[in-house]
Enquirer: 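Can you read through this structure? Questions will come right after.
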There are 2 protein chains.
Amino acid sequence: MAGKRARRTLTRETTISDIAAAAGVSKATVSRVMNGVSTVNEEIAKRVRDVVVELGYSPSQTARSLSLGVSQTVGVLVPDLENPMFHQVLNGFNRAAARDGYRVLVADAFEDADREAEVAIDLRDRTDAVALFAPRMTRENLLELIPRISPVVVFNRTTGKNAGSVLIDYREGITLIARHLINLGHKKIAYLSGPTSSRSNWERQKGLDDLRAHEPDVDIIDVPCGHSFQDGYEAWSAFSHTGVSAAIAFNDVVALGLLGRLAEEGVSVPEDLSVAGFDDIPFASYSSPSLTTMTARLSGIGERVWQVLRAEMTDSPDREPVVFSPELVVRGTTKVKA
Amino acid sequence: MAGKRARRTLTRETTISDIAAAAGVSKATVSRVMNGVSTVNEEIAKRVRDVVVELGYSPSQTARSLSLGVSQTVGVLVPDLENPMFHQVLNGFNRAAARDGYRVLVADAFEDADREAEVAIDLRDRTDAVALFAPRMTRENLLELIPRISPVVVFNRTTGKNAGSVLIDYREGITLIARHLINLGHKKIAYLSGPTSSRSNWERQKGLDDLRAHEPDVDIIDVPCGHSFQDGYEAWSAFSHTGVSAAIAFNDVVALGLLGRLAEEGVSVPEDLSVAGFDDIPFASYSSPSLTTMTARLSGIGERVWQVLRAEMTDSPDREPVVFSPELVVRGTTKVKA
DNA sequence: TTGAAAGCGCTAACAT
DNA sequence: ATGTTAGCGCTTTCAA
């Protein structure tokens with residue numbers, strides 16, 4: 001067409017205009033057919049559908065999103081996609097979101113707390129809402145970020161009702177597991193602690209503090225450790241001489257790392273040492289001995305995270321935190337103290 | 001403004017127009033500032049930046065994508081997000097994509113081969129390219145789909161150079177692992193086979209057929225199994241009476257399931273039975289005994305998948321399949337036949 | 001250096 | 001029932 005300005009080159013192969021032209025109808029009619037609006041004459045509709053198939057057309061969801069003001073997409077910010085725990089939560093979240101017709105855009109913050117806000121905003125600029133999985137940023141930054149990216153749900157961080165939240169009650173969890181060991185007669189127990197910056201580690205510490213206050217004859221010692229296999233594997237040398245009869249690991253991954261080391265060292269579990277984990281990752285039940293741990297049905301929690309986000313998107317939610325109390329699963333790695 | 005039509009309600013809080021108005025400049029100038037175009041007077045640029053901060057503005061990536069014709073986003077279609085193998089590949093893929101400034105939109109096909117094409121197209125309609133992880137659809141459907149969603153990379157399926165592809169050479173892999181067992185003196189070996197519809201299972205079967213042809217005195221029996229923990233756990237009853245001295249599992253998950261069962265049954269590994277897996281998932285090295293398996297550095301493969309997709313997006317690629325030969329990792333579950 | 005306006009590919013309000 | 005057209009929020013060409 002004359003008089004038109006030069007346009008950029010990156011453009012769609014087949015657009016709604018092409019279909020309209022080929023079918024001899026207006027774009028509006030094509031749009032109606034594509035969206036199943038019933039007021040279209042069946043004959044015309046069929047003609048349009050034929051052309052669509054013939055030309056292999058499918059609408060640009062980007063254009064659709066811009067026009068509709070919604071993208072049917074939500075973002076998930078994960079602090080570290082390496083961590084199997086988030087895989088499970090993500091899996092449940094994605095499954096539930098898909099059921100409601102939403103797609104999920106994932107972004108990994110690579111454990112860089114300082115970059116989280118920026119990534120979260122970018123995510124939000126492409127989607128209808130975002131889920132923050134266990135954000136590492138300071139509480140101050142979190143509370144500042146939330147209104148900027150609402151609707152938002154936060155997993156495993158409190159939000160003071162500024163956003164929906166889903167929490168795992170680690171404090172109660174560690175209490176349950178420690179009580180289990182105490183009931184088995186263990187008096188000296190090691191806690192292989194997680195990253196110091198981690199809220200969930202902090203909560204576990206609080207739970208153990210409670211216990212120390214109530215059980216003066218039980219000695220719970222803190223072994224700085226970490227969150228990885230390797231950390232658990234290496235932690236042994238830090239407490240092998242303490243004479244503890246039981247160890248609680250920050251999480252299952254750490255517990256399995258420890259288990260691997262113990263097997264190598266000829267320390268038999270649970271005879272010489274009882275070991276407990278946290279999270280109940282799928283492999284926990286299949287290690288040998290199978291791992292005593294706290295279960296939290298992570299993928300179920302993921303589904304719940306989605307539901308809370310959904311509520312943020314639609315209702316005016318009450319924002320009462322949804323808290324999951326982990327349950328003790330006694331398996332093969334813990335037994336009565338010799 | 002008078003005469004304007006009523007518009008829908010779902011609209012952005014702060015747009016480029018708001019910034020332009022508040023800063024007393026045109027939208028073009030705001031756009032230039034946001035994109036760091038240097039030809040803007042520093043004084044004006046500062047004013048714009050101040051307003052941006054003040055109003056908490058960030059550009060709609062949807063609008064940007066539509067205008068630019070590019071979204072800096074790619075889709076990944078996973079057959080089953082439940083499978084840890086895909087988590088690892090996804091992790092590597094996402095990491096590499098992020099490094100190049102791309103975001104990743106994930107979609108799970110929930111093992112429904114019939115829905116894959118539809119989901120892949122939807123993914124492509126929102127993104128610049130898509131990666132198909134081990135698609136379950138027929139080859140015919142795959143070849144039909146590829147041109148529709150190009151640029152595309154396919155992981156673990158051949159494409160006849162219609163698209164870039166990255167493959168794990170399972171046939172060679174299973175050969176290596178079986179030879180390892182044969183060298184250890186095992187003459188009767190069970191193969192716990194995977195889903196019959198799976199290409200990767202089919203390839204393993206071919207590898208074993210090769211072996212049967214070359215090693216007439218070795219008996220490799222096929223035990224229909226599956227891909228899950230549970231499948232491995234349950235498979236034992238199907239071959240406990242066959243007198244095999246070694247078992248090769250379809251993958252590590254199955255192997256770990258079997259290991260769990262064997263521990264319960266009092267069958268000691270590797271003394272009574274050697275067991276080998278496939279994939280080298282993270283937990284393989286931490287089971288006890290640690291699992292002999294084939295390793296394929298899955299997250300490294302994920303990065304490679306990204307690179308191939310990147311090439312599809314930019315170059316005119318040669319599409320020679322990138323094939324990874326898994327390597328044998330001998331650990332604790334295999335030993336010389338008693 | 002800056003602004004006006006066209007255009008990206010859709011949807012929906014309005015008119016017919 | 002169908003078409004016309006404004007508008008979603010940006011980018012970029014062209015003119016000033």
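We use all heavy atoms of the structure for the numbers below, so side chains are in, but hydrogens, waters and symmetry mates are not. What you are looking at is a predicted structure, and each value in this text was computed from that prediction instead of being measured. Convention: sequence-line order gives letters A, B, ...; per-chain numbering from 1.
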Enquirer: In terms of side-chain heavy atoms of B:N41, which of C:dA5, C:dC10, C:dT2 is nearest?
Expert: C:dT2
Enquirer: Looking at A:S67, does any N or O in its side chain come under 4.0 Å of the phosphate oxygens OP1/OP2 on C:dT11?
Expert: no
Enquirer: Taking only side-chain N and O atoms of A:S26, does any of them lie within less than 4.0 angstrom of OP1 or OP2 on D:dG3?
Expert: yes
Enquirer: Any side-chain N or O of B:S31 under 4.0 Å from OP1/OP2 of D:dT11?
Expert: yes
Enquirer: Round to the nearest Å and state the distance from B:M34 atom CE to D:dT12 atom P.
Expert: 14 Å
Enquirer: Taking atom P of C:dG9 as reference, at what distance in whole Å does atom CD1 of A:I16 sit?
Expert: 11 Å
Enquirer: Sequence neighbours left out, what pairs pass ring pair (Phe, Tyr, Trp, His ring centres under 6.0 Å) with at least one residue falling in residues 16-56 of chain A?
Expert: none
Enquirer: Look at all strands and tell whether B:S60 reaches a base, only sugar-phosphate, or nothing, counting heavy atoms closer than 4.0 Å.
Expert: sugar-phosphate
Enquirer: When you compare the side chains of A:R126 and B:T73, does any donor N or O come within less than 3.5 Å of an acceptor on the partner?
Expert: yes
Enquirer: Taking A:G101's backbone N and O only, do any of them form a donor-acceptor pair with A:Q72's side chain (distance below 3.5 Å, no angle check)?
Expert: yes
Enquirer: If you find the nucleotide of DNA chain D closest to B:R32 and the one closest to A:V40, which residue's nucleotide is nearer the 5' end?
Expert: A:V40
Enquirer: When you measure from the side chain of A:R12, which nucleotide among C:dG9, C:dT2, D:dT2 comes out closest?
Expert: C:dG9
Enquirer: Output the rounded distance in Å from CD (B:Q72) to P (D:dT11).
Expert: 13 Å
Enquirer: From CD1 of A:I19 over to C1' of C:dT11, roughly how many Å is that when rounded to an integer?
Expert: 17 Å
Enquirer: How would you list all residue pairs meeting salt bridge (Lys or Arg N to Asp or Glu O under 4.0 Å) that involve residues 17-38 of chain B, not counting sequence neighbours?
Expert: none
Enquirer: Scan side-chain atoms only and decide if A:R139 and A:T158 contain a donor-acceptor pair under the 3.5 Å cut-off.
Expert: yes
Enquirer: Can you list every salt bridge (Lys or Arg N to Asp or Glu O under 4.0 Å) pair that touches residues 155-164 of chain B, not counting sequence neighbours?
Expert: B:K161-B:E320
Enquirer: Using the C1' atoms of the five pairs at each end, what is the angle between the end axes of the helix from C:dT1-D:dA16 to C:dT16-D:dA1, to 10°?
Expert: 40°
Enquirer: Separation of A:Q61 atom CD from C:dC8 atom P, in whole Å?
Expert: 19 Å
Enquirer: Which residue pairs pass the side chain to side chain donor-acceptor pair (under 3.5 Å) test when at least one of the two sits in residues 51-62 of chain A, sequence neighbours left out?
Expert: A:S58-B:D125
Enquirer: Which nucleotide wins on minimum distance to the side chain of B:L66, given the candidates D:dT2, C:dC8, D:dG3?
Expert: C:dC8
Enquirer: Between B:N41 and B:R47, do the side chains contain a donor N or O and an acceptor N or O under 3.5 Å apart?
Expert: no
Enquirer: Calculate the interatomic distance between B:D125 atom CG and C:dC10 atom C1'; express it in whole Å.
Expert: 12 Å
Enquirer: In terms of side-chain heavy atoms of A:V25, which of D:dG3, D:dT11, C:dT2 is nearest?
Expert: D:dG3
Enquirer: In whole angstroms, how far is the P atom of C:dA13 from the CG atom of A:N35?
Expert: 13 Å
Enquirer: Are A:R64 and C:dT11 close enough that a side-chain N or O sits under 4.0 Å from OP1 or OP2?
Expert: yes
Enquirer: Got a sec? Which of residues 42-53 of chain A come in under 4.0 Å of DNA chain C, heavy atoms?
Expert: none
Enquirer: Check whether any side-chain N or O of A:T29 sits under 4.0 Å from OP1 or OP2 of D:dT2, and answer yes or no.
Expert: no
Enquirer: Which class fits the ring pair B:H87 and A:H87: parallel under 30°, tilted 30 to 60°, perpendicular over 60°?
Expert: parallel
Enquirer: So B:Y102 and B:W306, would you call those rings parallel, tilted or perpendicular, with 30° and 60° as cut-offs?
Expert: tilted
Enquirer: Tell me the interatomic distance from A:K27, atom NZ, to C:dG7, atom C1', rounded to whole angstroms.
Expert: 11 Å
